[in-house]
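Because only heavy atoms are used, hydrogens play no part in the values below, and waters and symmetry mates are left out as well, while side chains stay in.
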Amino acid sequence: PEKYQAADLAGKPALFKVKIHEVKAKELPELNDEFAQDVSEFNTLEEYKEDLKKHLEVQKEDEAKRTKEDEAIQKIIDKSTMEIPEAMIKTQCENMVNEFAQSGLSMEQYMQFSGLTLDKLEEQVRPEAETRIKSSLVLEQIAKDENIEVSEEEIDAEIEKMAKAYGMEADKLKEYMGDAEKESMKRDISVTKAVDLVMENVKERAKAKTKKEKEAEAEENAEENAEE
């Protein structure tokens, strides 16, 4: 090499000898019943494939449902007038930025990877932060206007669901939860019920529109037949 630590050898041809201790190759497991048993609770590959297919279908349905909900709520937001304090937007931006730290990538790593500063990152998430705040305010107002209430049974059912996800006993989880956490859970449930109410109204309006269109079509056909 032209640049070499030993000056007397720089620029001269050289022969290097190396000794290979081992050669590694990545071997992919064979897709069979044994593989299914190793990575899941199923005994056969077909059962495992069927379960994956169901999970993907549910995921796709959930995404379609969320998209429709977001569109319906956005229409309400567009018709609403609200002033959001800058401090509230700032807090929401900070919360969203902190979500990156919970996704397996540290804030420093993400900023280094994306080339963004903290201020730029907050500026980037600001539109989504404002949308989240407006959605929450709209849904909380709907819950209030419609007198949506949350029963103790509904709270207990949500705690049961959370306990199952964490691998805990529901009673133990309930003991650990303070009043603030329970109140937050209650608010979340009421917002979810408000979303359900909005979507129910969307369905009813769609049915009414379809019925009206069918009646108009029938009336138009009747007029055409009468003219003949």
Side-chain angles (χ1 to χ4, degrees), residues 36-43 47-70 72-73 76-77 84-85 87-110 118 121-122 125 128-201:
Q37 291 164 16
D38 288 341
V39 300
S40 71
E41 74 268 22
F42 299 102
N43 292 321
E47 289 174 331
Y48 180 48
K49 283 183 177 179
E50 189 61 31
D51 184 67
L52 288 176
K53 183 180 177 182
K54 286 178 182 177
H55 273 85
L56 290 173
E57 288 173 352
V58 169
Q59 186 178 357
K60 190 175 180 180
E61 288 171 4
D62 287 344
E63 288 174 358
K65 182 173 178 282
R66 279 195 297 272
T67 299
K68 288 181 179 179
E69 289 172 353
D70 290 343
I73 294 166
I76 300 173
I77 291 173
I84 306 172
M88 185 181 288
I89 298 174
K90 178 74 173 172
T91 300
Q92 183 64 45
C93 286
E94 289 173 355
N95 290 340
M96 290 176 66
V97 167
N98 288 333
E99 288 176 7
F100 288 109
Q102 301 172 11
S103 61
L105 201 64
S106 72
M107 189 56 59
E108 291 75 16
Q109 287 173 326
Y110 182 82
L118 188 58
L121 188 55
E122 289 185 1
V125 301
E128 176 63 21
E130 291 185 16
T131 299
R132 288 191 187 186
I133 293 170
K134 289 177 181 178
S135 296
S136 294
L137 292 174
V138 162
L139 292 169
E140 286 173 11
Q141 189 61 46
I142 290 173
K144 183 179 178 182
D145 292 344
E146 298 296 330
N147 296 316
I148 293 176
E149 296 182 354
V150 179
S151 66
E152 285 297 321
E153 288 77 12
E154 288 173 316
I155 294 174
D156 288 342
E158 189 64 26
I159 292 174
E160 187 78 39
K161 194 189 298 181
M162 284 179 63
K164 189 175 180 181
Y166 293 138
M168 296 177 61
E169 292 181 9
D171 292 339
K172 287 288 183 184
L173 181 58
K174 198 170 183 178
E175 286 177 14
Y176 293 141
M177 291 177 66
D179 292 337
E181 286 84 0
K182 289 178 183 177
E183 194 58 36
S184 176
M185 180 179 286
K186 188 175 181 180
R187 186 167 57 251
D188 289 343
I189 295 172
S190 68
V191 164
T192 300
K193 294 175 79 171
V195 172
D196 292 340
L197 181 62
V198 168
M199 296 312 295
E200 190 60 39
N201 287 335

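- Summarising the geometry, atom CD belonging to Glu94 is positioned 5.5 Å from atom OG1 belonging to Thr91; distances are rounded to the nearest 0.5 Å.
- Expressed to the nearest 0.5 Å, how far CG of Asn201 lies from CD1 of Ile142 amounts to 8.5 Å.
- Of all non-hydrogen atoms in Ala129 and Cys93, the two that sit nearest each other are CB-SG, 3.8 Å.
- Under 4.0 Å is where a charged nitrogen must lie from a carboxylate oxygen, and between Arg66 and Glu69 no such pair does.
- In plain terms, the two heavy atoms of Phe42 and Tyr48 that are nearest each other are CD1-CA, 3.9 Å.
- The two residues Ser135 and Ile77 make their nearest non-hydrogen contact at OG-CD1, 3.5 Å.
- Side-chain contact between Glu158 and Asp188 is absent, with no heavy atoms from C-beta onward closer than 4.5 Å.
- Judged purely by atom type and a 3.5 angstrom limit, Glu181 uses its side chain to pair as donor or acceptor with the backbone of Gly178.
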Apply salt bridge (charged side-chain N to carboxylate O under 4.0 Å, His left out) to Glu128 and Arg132, showing your working. CA-CA 6 Å; Glu128 176 63 21; Arg132 288 191 187 186; 3.5 Å; yes
Check the pair Glu183 / Lys186 against salt bridge (charged side-chain N to carboxylate O under 4.0 Å, His left out), numbers first and verdict last. CA-CA 5 Å; Glu183 194 58 36; Lys186 188 175 181 180; 5.0 Å; no
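- Around CG of Asp145, the count of heavy atoms belonging to other residues, nucleotides or ligands within 6.0 Å exceeds 12.
- Interatomic distance, NE2 of His55 versus CG of Asp51, reported as 5.0 Å (0.5 Å rounding).
- Within a 6.0 Å radius of CD in Glu149, other residues, nucleotides and ligands contribute 12 heavy atoms or fewer.
- The two residues Val198 and Ala72 come nearest to each other via the heavy atoms CG1-CB, 4.0 Å.
- In this structure, Met185 and Met162 have side chains that are in contact, with non-hydrogen atoms separated by less than 4.5 Å.
- Within 6.0 Å of CG on Asp38 lie more than 12 heavy atoms contributed by other residues, nucleotides or ligands.
- By the 4.0 Å N-to-carboxylate-O rule, Lys65 lies too far from Glu61 to be salt-bridged with it.
- Note that NZ of Lys164 and CG of Leu173 are 14.5 Å apart. Values are rounded to the nearest 0.5 Å.
- Side-chain atoms of Lys182 and Lys174, non-hydrogen and from C-beta on, do get closer than 4.5 Å to each other.
- Checking side-chain atoms of Gln37 against main-chain N and O of Asn43 turns up a donor-acceptor pair under 3.5 Å.
- Rounded to the nearest 0.5 angstrom, Leu139 CG and Ile76 CD1 are separated by 7.0 Å.
- In terms of the salt bridge (Lys or Arg N to Asp or Glu O under 4.0 Å) criterion, residue partners of Glu154 (sequence neighbours excluded) are, by chain and number, Lys193.
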Are Gln59 and Leu56 close enough, and set up right, to give a side chain to side chain contact (heavy atoms under 4.5 Å, CB included), and what steps lead you there? CA-CA 5 Å; Gln59 186 178 357; Leu56 290 173; 4.0 Å; yes
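- Rounding to the nearest 0.5 angstrom, the gap separating the CG atom in Leu137 from the CD1 atom in Ile84 is 6.0 Å.
- Contact of the Ser136 side chain with the Val191 side chain is not registered, since no non-hydrogen atoms from C-beta on lie closer than 4.5 Å.
- The side-chain heavy atoms of Met168 and Tyr176, taken from C-beta on, include a pair separated by under 4.5 Å.
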